[in-house]
Amino acid sequence: MPKDLKPDFFERLKEVLKALPSLQYAAELTGYSYEQVAKWRDNKARPPFQPLAILAAAAGKSLDWLATGAEPAAEMAQMMTQTVLQQSLAHADVTMIPRLNVRVSAGIGLTNHDGDEIERVPVSRALLRRLGIQPDNAHIIQADGDSMEETIFDQDDVLVDTGDTDVRSEGIYAVQMGELAMIKRVQPLAFIDTLTLYSDNERYAPMTIKRGEVDQFRIIGRAKLVMRVL
């Protein structure tokens with residue numbers, strides 16, 4: 001990285017950060033604070049090499065492009081990005097978790113045809129520990145619809161803990177009923193095996209169901225973090 005960073009470098013850094021779900025996500029990814037990453041973006045502090053490598057790789061950019069604006073051939077750029085990401089992850093407290101080809105409706109229900117993995121996304125292990133998620137149980141899925149606003153908005157990425165499926169207290173869960181997948185606030189009713197699914201948007205009525213009466217009903221996992229695209 002050049003000793004004196006030019007203004008266009010920070011424009012490219014802004015582009016990298018915009019490609020990520022949020023500035024908070026970039027902070028968690030690198031292990032630095034939100035405020036520190038904002039200082040890098042705004043040219044108020046010099047960013048170290050390692051977090052730059054992690055951010056560039058997560059955004060699908062090469063370090064050469066970030067440093068100089070010159071983009072190598074597509075195939076070489078992909079190889080460089082993968083190499084940089086692997087090297088960076090080897091020295092950083094991050095792990096790769098799957099983003100699934102699943103959208104959970106924040107509305108009346110969304111049919112999903114598969115749950116295949118689209119890509120792997122680097123996420124801070126410290127964040128997962130703080131949220132109480134084992135790395136193997138961490139998955140990213142996308143919300144669709146407006147029924148969970150103002151908590152979860154359309155197109156938000158949601159980090160789901162698939163190891164947390166026992167609804168003992170109220171929380172937001174991804175659930176499946178047959179081929180319909182939804183994300184709702186779930187409240188267990190005392191003394192009976194019944195769940196009520198609520199929407200945070202008051203325009204949507206709650207649903208009360210008895211487990212066993214709904215075909216193929218299951219809890220996919222508990223939503224632990226919303227990663228909003230700003």
Side-chain angles (χ1 to χ4, degrees), residues 21-22 25 28 94-229:
S22 68
Y25 176 80
E28 298 288 357
V94 296
T95 186
M96 304 296 289
I97 68 172
R99 182 194 300 275
L100 302 181
N101 186 25
V102 172
R103 289 185 299 156
V104 284
S105 176
I108 59 173
L110 184 73
T111 299
N112 289 279
H113 298 289
D114 58 67
D116 293 339
E117 181 179 311
I118 300 174
E119 61 180 343
R120 292 231 156 199
V121 178
V123 171
S124 165
R125 289 183 186 273
L127 172 63
L128 296 182
R129 286 194 295 269
R130 189 159 67 248
L131 296 173
I133 307 177
Q134 293 295 323
D136 289 346
N137 294 330
H139 298 80
I140 296 174
I141 56 181
Q142 188 179 73
D144 185 277
D146 65 353
S147 78
M148 286 301 293
E149 294 182 0
E150 298 280 320
T151 307
I152 300 174
F153 287 80
D154 183 42
Q155 307 284 317
D156 278 351
D157 280 338
V158 182
L159 179 61
V160 172
D161 181 0
T162 58
D164 189 349
T165 60
D166 188 5
V167 183
R168 297 182 180 179
S169 60
E170 180 179 325
I172 298 176
Y173 290 83
V175 304
Q176 183 174 358
M177 291 190 293
E179 292 188 351
L180 298 180
M182 297 182 290
I183 189 160
K184 296 292 180 184
R185 190 174 298 277
V186 181
Q187 183 180 74
L189 299 182
F191 308 118
I192 54 177
D193 197 21
T194 301
L195 300 174
T196 301
L197 311 184
Y198 292 93
S199 300
D200 284 3
N201 187 332
E202 294 180 355
R203 293 194 298 109
Y204 294 83
M207 302 167 54
T208 299
I209 62 172
K210 287 187 177 181
R211 284 185 276 194
E213 289 187 355
V214 177
D215 183 41
Q216 297 179 338
F217 175 84
R218 72 182 183 95
I219 302 290
I220 297 172
R222 186 166 187 154
K224 294 293 185 71
L225 182 70
V226 177
M227 297 178 286
R228 183 156 302 143
V229 178

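Taking every heavy atom of both residues into account, Ala138 and Pro98 meet most closely at O-CD, 3.4 Å. Between Met148 and Tyr198, the closest heavy-atom pair is SD-O, 3.9 Å. Across all non-hydrogen atoms, the minimal contact from Ala143 to Phe153 is CB-O, 3.9 Å. Taking each heavy atom of Asn201 and Asp146 in turn, the nearest pair found is ND2-O, 3.2 Å. Minimum interatomic distance between Tyr173 and Asp166 (heavy atoms only, all atoms of both residues): OH-O, 4.1 Å. Gly171 and Arg222 make their closest contact through CA-NH2, 3.5 Å (heavy atoms, listed as atom of the first residue, atom of the second, distance).
Applying the side-chain hydrogen bond (donor to acceptor under 3.5 Å, both in side chains) rule to Tyr25 yields no partners; only residues at least two apart in sequence or on another chain are considered. Taking the side-chain hydrogen bond (donor to acceptor under 3.5 Å, both in side chains) definition, one finds that Arg130 meets it with Glu28, sequence neighbours left out. For Asp154, the side chain to side chain contact (heavy atoms under 4.5 Å, CB included) partners are Asp144, not counting sequence neighbours. With sequence neighbours excluded, the residues forming a side chain to side chain contact (heavy atoms under 4.5 Å, CB included) with Ala223 are Val158, Ile172, Ile183, listed by chain and number. The side-chain hydrogen bond (donor to acceptor under 3.5 Å, both in side chains) test applied to Asp161 returns Lys224, not counting sequence neighbours. Every residue meeting the side-chain hydrogen bond (donor to acceptor under 3.5 Å, both in side chains) condition with Asp200, not counting sequence neighbours, appears here in chain and number order: Thr151, Arg185.
The CG atom of Leu195 sits 11.5 Å away from the CD atom of Glu170 when rounded to the nearest 0.5 Å. In this structure, CD1 on Ile141 lies 9.5 Å from CG on Asp157, to the nearest 0.5 angstrom. Here CE of Met182 is found 4.5 Å from CE of Met207. Values are rounded to the nearest 0.5 Å. For the atom pair Gln134 CD and Leu128 CG, the distance stands at 9.0 Å (nearest 0.5 Å).
When each of Thr162, Leu159, Asp164, Ile97 is tested with Ile133 by the rule side chain to side chain contact (heavy atoms under 4.5 Å, CB included), just one qualifies, namely Leu159.
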Walk me through whether Arg203 and Ser147 qualify under side chain to side chain contact (heavy atoms under 4.5 Å, CB included). CA-CA 7 Å; Arg203 293 194 298 109; Ser147 78; over 6 Å; no

